[in-house]
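Below, chain A is the first sequence line, B the second, and so on; all start at residue 1.
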There are 2 protein chains.
Amino acid sequence: MDKPAVRPKRTRIQREKRELIGEAALEVFSQHGFRGSTIDQIADAAGMSKPNLLYYFKNKEEIFATLIHRLMETWLAPLREMDAAGDPQTEIRSYIRRKMEMSRDFPRESRLFANEILQGAPRILPLLEGELKELVDEKAAVISAWMREGRLKKSDPHHFIFAIWATTQHYADFDVQVRAVLGGKRSGEGRFEDAARFLEGLFIG
Amino acid sequence: MDKPAVRPKRTRIQREKRELIGEAALEVFSQHGFRGSTIDQIADAAGMSKPNLLYYFKNKEEIFATLIHRLMETWLAPLREMDAAGDPQTEIRSYIRRKMEMSRDFPRESRLFANEILQGAPRILPLLEGELKELVDEKAAVISAWMREGRLKKSDPHHFIFAIWATTQHYADFDVQVRAVLGGKRSGEGRFEDAARFLEGLFIG
DNA sequence: GCAATTTTTGACCGTTTGGACAAACGTTAA
DNA sequence: TTAACGTTTGTCCAAACGGTCAAAAATTGC
């Protein structure tokens, strides 16, 4: 209905600059949230002037929307990879590993996403109710089958998936708290490894 | 050092109005975050004019700080109640229940807290590194003892606690997503009950 | 009833912010 | 050389915002 009829043709510079702005915006937005970030901050982080930035994105909203929509793909990839034909334990373990790696390697993306959901998901609610729900329902069915076959401990598959999301993303979104509680000693980079091992035990063991 | 030397004496009206403002501010802050909220919005929600509100709180920051510090008490209470002398299974189950009830009954508080942590906990970092860390270390030791005695499945007690936080708070903080994924049918109020049962099975079963 | 005190408000101010715009600058190719 | 096109910037504006202030209104204590 209201999709962009034509994909705008972009020059090399436009592609590069939009990419550069996206990176800068991710940095800023993930730290201060949408309302807490200013176009000037993003422009500074991207090393350009505000009007110049607005030459590439028509407004602040569009920068944010572009970012979060691009992010959604990356975000769902690990769940997509879960293979019904594989071994349940291995599949779950891999899923947890991948999600944990994302928390470790892309904490800004995780926080950006968390922020959007916390505010009520104003920009991506349709995606959650559509694409995401479909994917989760599909994978929940897979997990459910595994449970019926006695290859995985029985429980509610939807809440099972929620629990994996919650626990893995916790290490990105609540990182400050995790580090504060673990204290200097154990809050080195090893904490992600420890957490991953713990979660495997929790969800599989 | 820099503590308020004297607790300011407050009239009945001051106590009532500060309470009223707190309630309004919780509503607004939990929806839009600190920077996304305006004093006018809070004043409106409290049914008073902006200057009037600023007669009770010297600025926006003070409203927020008051809220979040008051919240911390409530937030830690359930963990405080965990009793080393009790039965491990019962204690863990009660803890999960209480945390789940808080997500159901005080989602605004949960989101306010999540927001603060996401932004790097600028106002409560000392509390996290002090009071919270001490409490968690203490309870982790209790859990650890239970595990050593073979009364609870062995795992890392700190990550065990994190996992309970993450999963229970998920149902408040990511409520929109949970409801979107569960869809109309199963996203009624029963979802908290379902989740609580699932989590008991996960952490105890 | 009245003076002292507390509470409330309208008007106001300086700053920040998102965004517009036209003019300048740079690049390319006929 | 010059026309065409893409890129960059300085300047500007209106709205939103946090916060002040003096004065009016309400309440309280005697």
Taking only distance into account, with no hydrogens and no angle test, what donor-acceptor pairs under 3.5 Å do side-chain atoms of residues 38-58 of chain B form with protein atoms, sequence neighbours excluded?
{"unit_1": "B/Thr38", "atom_1": "OG1", "unit_2": "B/Gln41", "atom_2": "N", "d": "3.0"}
{"unit_1": "B/Ser49", "atom_1": "OG", "unit_2": "B/Asn52", "atom_2": "N", "d": "3.4"}

Name every donor-acceptor pair, under 3.5 Å, that has one atom in a side chain of residues 71-83 of chain B and the other anywhere in the protein, sequence neighbours excluded.
{"unit_1": "B/Arg80", "atom_1": "NH2", "unit_2": "B/Glu131", "atom_2": "OE2", "d": "3.1"}
{"unit_1": "B/Glu81", "atom_1": "OE1", "unit_2": "B/Arg98", "atom_2": "NE", "d": "3.3"}
{"unit_1": "B/Glu81", "atom_1": "OE1", "unit_2": "B/Arg98", "atom_2": "NH1", "d": "3.2"}
{"unit_1": "B/Asp83", "atom_1": "OD1", "unit_2": "B/Ala85", "atom_2": "N", "d": "2.9"}

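Ion pairing between a basic and an acidic side chain is recognised when a charged N comes within 4.0 Å of a carboxylate O; A/Glu200 and A/Arg97 show such pairing. Ion pairing between a basic and an acidic side chain is recognised when a charged N comes within 4.0 Å of a carboxylate O; B/Arg123 and B/Glu61 show such pairing.
Protein atom NZ of B/Lys58 is 14 Å distant from nucleotide atom C1' of D/dG18, rounded to whole Å. Separating the CD atom of B/Glu62 from the P atom of D/dG19 is a distance of 11 Å, rounded to the nearest angstrom.
The stretch residues 23-45 of chain A touches DNA chain C through A/Ser37, A/Thr38, A/Ile39, each having a heavy atom within less than 4.0 Å of the strand.
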Seminar exercise, completed: With sugar-phosphate taken as primed atoms, P, OP1 and OP2 and all else as base, the protein-contact string of nucleotides 7-13 of chain D at under 4.0 Å (heavy atoms; B, S, -) is BBBB---

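Residues passing the salt bridge (charged side-chain N to carboxylate O under 4.0 Å, His left out) test with B/Glu27, sequence neighbours excluded: B/Arg108. Every residue was checked against the side-chain hydrogen bond (donor to acceptor under 3.5 Å, both in side chains) condition with A/Arg18, not counting sequence neighbours, and none meets it.
Between the side chains of A/Asp137 and A/His158, a donor-acceptor pair is found at a separation under 3.5 Å.
Taking the six-membered ring for Trp and the full ring otherwise, the centers of A/Phe34 and B/His32 sit at least 6.0 Å from each other.
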